[in-house]
Amino acid sequence: MTNDILNQTVDTGLTAYQKCVEIAHNLWWSWHPDVVEIFRLVNPQRWRELGHNPIALLREYKPEEFEQVITDLAIHTRINVAYRHFKKYVGERPLWARQHAGVLASRPVAYFSLEFGIHESMPIYSGGLGVLAGDHVKSCSGMGVPLVAVGLFYDKGYFNQQIDANGNQVENYVDTDVANLPFEPALDKNGNKITIEVNTKSGPIYARVRRIRVGRVDLYLLDADLEENTAENRELTSTLYGGDQKRRILQELLCGVGGVRALTALGITPGVYHLNEGHNSFATLEAVRQKMVKSGMSFEAATRDVAQQTVFTTHTPVAAGHDYFEKSLVEQYLEPLYKALGLDLDSFMALGRKNPKDDDEKFCMTILGMKLSRYANAVSSLHGVVTRRMWKGLWPDKREEEAPIGHITNGVHVPTWMAPQIKSLFERSMPGWSEESIDPTIWSEVYDIDSGDLWETHCALKNRLFDFARRRVGRQLTRIGASAEAIEEAKHILDPNALTIGFARRFAEYKRAFLVVQDEEKFDQLVNNPDRPVQFIFAGKAHPADNIGKDVISRIVRVQRNPKFSRRVIFLEDYDINVARHLVQGVDVWLNNPRRPQEASGTSGQKAVLNGALNFSILDGWWAEAYDGSNGFAIGDGSTHVDSRVTDKRDGDALLDVLEHQVIPTYYDRNEHGLPIKWIRLMKNSIATLAWRFSSHRMVADYVQYAYMPAAGGLSVKMPR
């Protein structure tokens, strides 16, 4: 696109209001801080109250009122620049994609996921899996990789979390106002709105198809809240991961089979099917069915063809985390599907079993995904080892290490998770730097940044986090009827000079949020040291059905409410992308202590890297391949015991030992100017060695090279193992 064309976009005749509306209807704005700032400036208080939703904000103004506001703010030029950059972005395809993913231009990747975490204003995600999917889509957009994404729209989303007066998690579900979301109807080639139908033994399920633009990528979400459906089926897409096994199998049937049918109705012929976890494996069977109908192929031949096109990514190293369905459920709800494939019930069940002839074995979605894909991958090197061990029975003629499962380690979207202040510092100090670069030599220039500038920027972000946390805690206390004194005290929690450690993730028992407080006496000595104090900020949700996870939250909240720790331990309720953003950008240390090897990858610590926070972690997931002794801190040596209680005791002792003898002394070791020079060196080492390597741009480049291009018929390259 030429500069002349770019300049013309300012003089299109559109008002500033119309330009902002157009930008707001493409989630491109969500990872461009300068554009976010435009919306925030219009009305900072309402921007916060509306959950950072630009469409909701714009709907509160008449066009002429909005024009007056931006005139008063003198931001017309900023809007014009943002609009020009937006139009340039969506109007061109980057050179990288043309050079590396050309074959996908006419037959794109179809990326299936049950959740997408793109921005907090669109709550169709629960945690890491969804945020990973969102980052994957954003990087495909930035790199120009031809990809369409498919999922479900949950009108109540995941639950909003509150902590009650007794310290217990309370789940609240709130209807989403679809008028405040950037939806467009998905249209077929004749311009008609698309409604798809999926048959079950008990009757059809209908779903409308909603389209959302995420930069250059289209995200299609199926919504079953239609009058044509039964009352029960209308609820299928109401909540994420809610309900029983019946709802689960129907959600997965709708996303997989319905998603492929939606793409067909749209006139999209995928060159690659990428299944983000086993939830989406039914998509392969619909692709097989369509190939049988169109080409007259046998089931076996069509299965071989579809498997060649399919990439399957598993994120779950724990057997209980995979979806298994009873034979009775499969018969009741999937009979039309397996009959359309020319299969009987037993033949169909065999597709989801390790032992096809074992009639007592349930149907496993992960096994189906493994069997109907030629390119299967784990999400870290260690997870690859665990996954090959877990599923080696699918290939009885191969040794464990020969199981055809590689790994592509997860990464995070740098423009989304890097604080604008850090980005500005890099742009000033590192000529030629790009937040989208995966060239390690570019990132190594961080060593040239003035240490004082880096530390000052970090401290500013830390204070920003504390302001955010104080507001949140104050609101929590007000809601549960705390005393006026307690609410006033919340305005002064968190010491800006104290070592601040963040722990935020799903509160599953194996993630062991309790580990650091396991030895309360030792914990007390460390955090309440008057000369070298330490403070912790916790956040995270437990699944509504996970009573053990809920108990862990209650345990942390009890520690917070203990007078000994009230100024040293904070729990922030309702963990979401917004809370995560503040935490990873503001803490000094990111703590992660899962029970090895149950963390498939983990990406929250990768987000912290981008902002100079140091990882302090068990050698599990991505950290097992990232830690080099000079870019953060390791807990233990990677060994485990067959008795988890012994492992927990060892790891808890190691955590406190490293905290006492490495983390705390290094943080508080200051030079004559008050700078922690050794700490800052670790910060630079962390950024230089990890930021490029664990970015979603690197991750997507790996998928293109090792999976997408081979699956689409391009050059075959063996996936890393």
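Below, all heavy atoms of this structure are taken into account, side chains as well, without hydrogens, waters or symmetry copies. Given the structure is predicted, the values throughout are model-derived calculations rather than measurements.
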Residues F571, F538; criterion ring-ring contact (aromatic ring centres under 6.0 Å, His included); working and verdict: CA-CA 5 Å; F571 185 92; F538 290 88; 7.3 Å; no

Trace of the salt bridge (Lys or Arg N to Asp or Glu O under 4.0 Å) decision for R234 with E228: CA-CA 9 Å; R234 292 187 72 164; E228 297 94 316; over 6 Å; no

V131/I577 under side chain to side chain contact (heavy atoms under 4.5 Å, CB included): CA gap, chis, key distance, verdict: CA-CA 8 Å; V131 174; I577 287 176; 4.2 Å; yes

Verdict with supporting geometry, Y206 and E227, side chain to side chain contact (heavy atoms under 4.5 Å, CB included): CA-CA 9 Å; Y206 300 96; E227 292 182 358; over 6 Å; no

Residue pair I196, L254: steps toward the side chain to side chain contact (heavy atoms under 4.5 Å, CB included) verdict: CA-CA 9 Å; I196 58 94; L254 182 61; 3.9 Å; yes

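In this structure, Y708 and L147 have side chains that are in contact, with non-hydrogen atoms separated by less than 4.5 Å.
Here the side chain of S113 pairs no donor or acceptor atom with the backbone of F116 at under 3.5 angstrom. Looking at R216, its side chain does come within 3.5 Å of a backbone N or O of Y89 through a donor-acceptor pair. Judged by distance alone, the side chain of H32 and the main-chain N or O of D34 form no donor-acceptor pair under 3.5 Å. One N or O on the side chain of D135 and one on the backbone of H413 form a donor-acceptor pair closer than 3.5 Å. Side chain of N43 to main chain of W47: no donor-acceptor pair is present (N/O by atom type, distance under 3.5 Å, no hydrogens or angles). Between the T200 side chain and the Y333 main chain, no donor and acceptor come within less than 3.5 Å of each other. Under a 3.5 Å cut-off, the side chain of S695 and the backbone N or O of R698 do form a donor-acceptor pair. Looking only at distances, no side-chain donor or acceptor of E436 sits under 3.5 Å from a matching main-chain atom of H697. Between the D188 side chain and the N190 main chain, a donor and an acceptor come within less than 3.5 Å of each other. Listed for the D574 side chain is a donor-acceptor partner under 3.5 Å among the backbone atoms of Q161.
Judged by distance alone, the side chains of D72 and Q68 do bring a donor and an acceptor atom under 3.5 Å apart. Counted by atom type alone, Q45 and E49 present one or more donor-acceptor pairs between their side chains at under 3.5 Å. When only modelled atom types and interatomic distance are considered, K19 and T15 share no side-chain donor-acceptor pair under 3.5 Å. A donor-acceptor pair shorter than 3.5 Å can be found between the side chains of E235 and S238. Side chains of S121 and H119: a donor on one and an acceptor on the other come within 3.5 Å.
Distance check: M365 CE to L275 CG gives 9.0 Å after rounding to the nearest 0.5 Å. Atom CD1 of I70 and atom OH of Y17 lie 11.5 Å apart (nearest 0.5 Å). Here OG of S126 is found 5.0 Å from CG of L240. Values are rounded to the nearest 0.5 Å. To the nearest 0.5 angstrom, E67 atom CD is 12.5 Å from Y61 atom OH. Note that CD1 of I118 and OG1 of T416 are 9.5 Å apart. Values are rounded to the nearest 0.5 Å. Atom CD in E277 sits 9.5 Å away from atom CD in E252 (nearest 0.5 Å).
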Taking only distance into account, with no hydrogens and no angle test, what donor-acceptor pairs under 3.5 Å do side-chain atoms of residues 149-160 form with protein atoms, sequence neighbours excluded?
residue, atom, partner, partner atom, Å
Y154, OH, L114, O, 2.6
K156, NZ, D175, OD1, 3.2

Please list every donor-acceptor pair under 3.5 Å in which a side-chain atom of residues 256-267 meets a protein atom from a residue at least two apart or in another chain.
residue, atom, partner, partner atom, Å
R261, NE, E286, OE1, 3.4
R261, NE, E286, OE2, 3.1
R261, NH1, E197, O, 2.7
R261, NH2, E286, OE1, 3.3
T264, OG1, V260, O, 3.1
T264, OG1, Q290, OE1, 3.0
T264, OG1, Q290, NE2, 3.1

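Listed by chain and number, the residues in a side-chain contact (heavy atoms from CB on, under 4.5 Å) with R59 are I55, D177, A179, N180 (sequence neighbours excluded). The ring pair (Phe, Tyr, Trp, His ring centres under 6.0 Å) search around H136 returns Y111, H274, Y703, not counting sequence neighbours. For R479, the salt bridge (Lys or Arg N to Asp or Glu O under 4.0 Å) test picks out E573, with sequence neighbours left out. Residues forming a side-chain contact (heavy atoms from CB on, under 4.5 Å) with Q585 (at least two apart in sequence, or on another chain): A419, R464, R581, N611.
Remark: R210 qualifies as a cation-pi partner of F183 under the 6.0 Å distance and 45° angle criteria applied to the six-membered ring. Cation-pi check for R505 over F503 is met; the charged atom lies under 6.0 angstrom from the ring centroid and within 45 degrees of its normal.
Screening R248, E115, R247 against Y241 for a side-chain hydrogen bond (donor to acceptor under 3.5 Å, both in side chains) leaves a single residue, E115.
Between K550 and E171 there is a salt bridge, since at least one side-chain N of the basic residue sits less than 4.0 Å from a carboxylate O of the acidic one.
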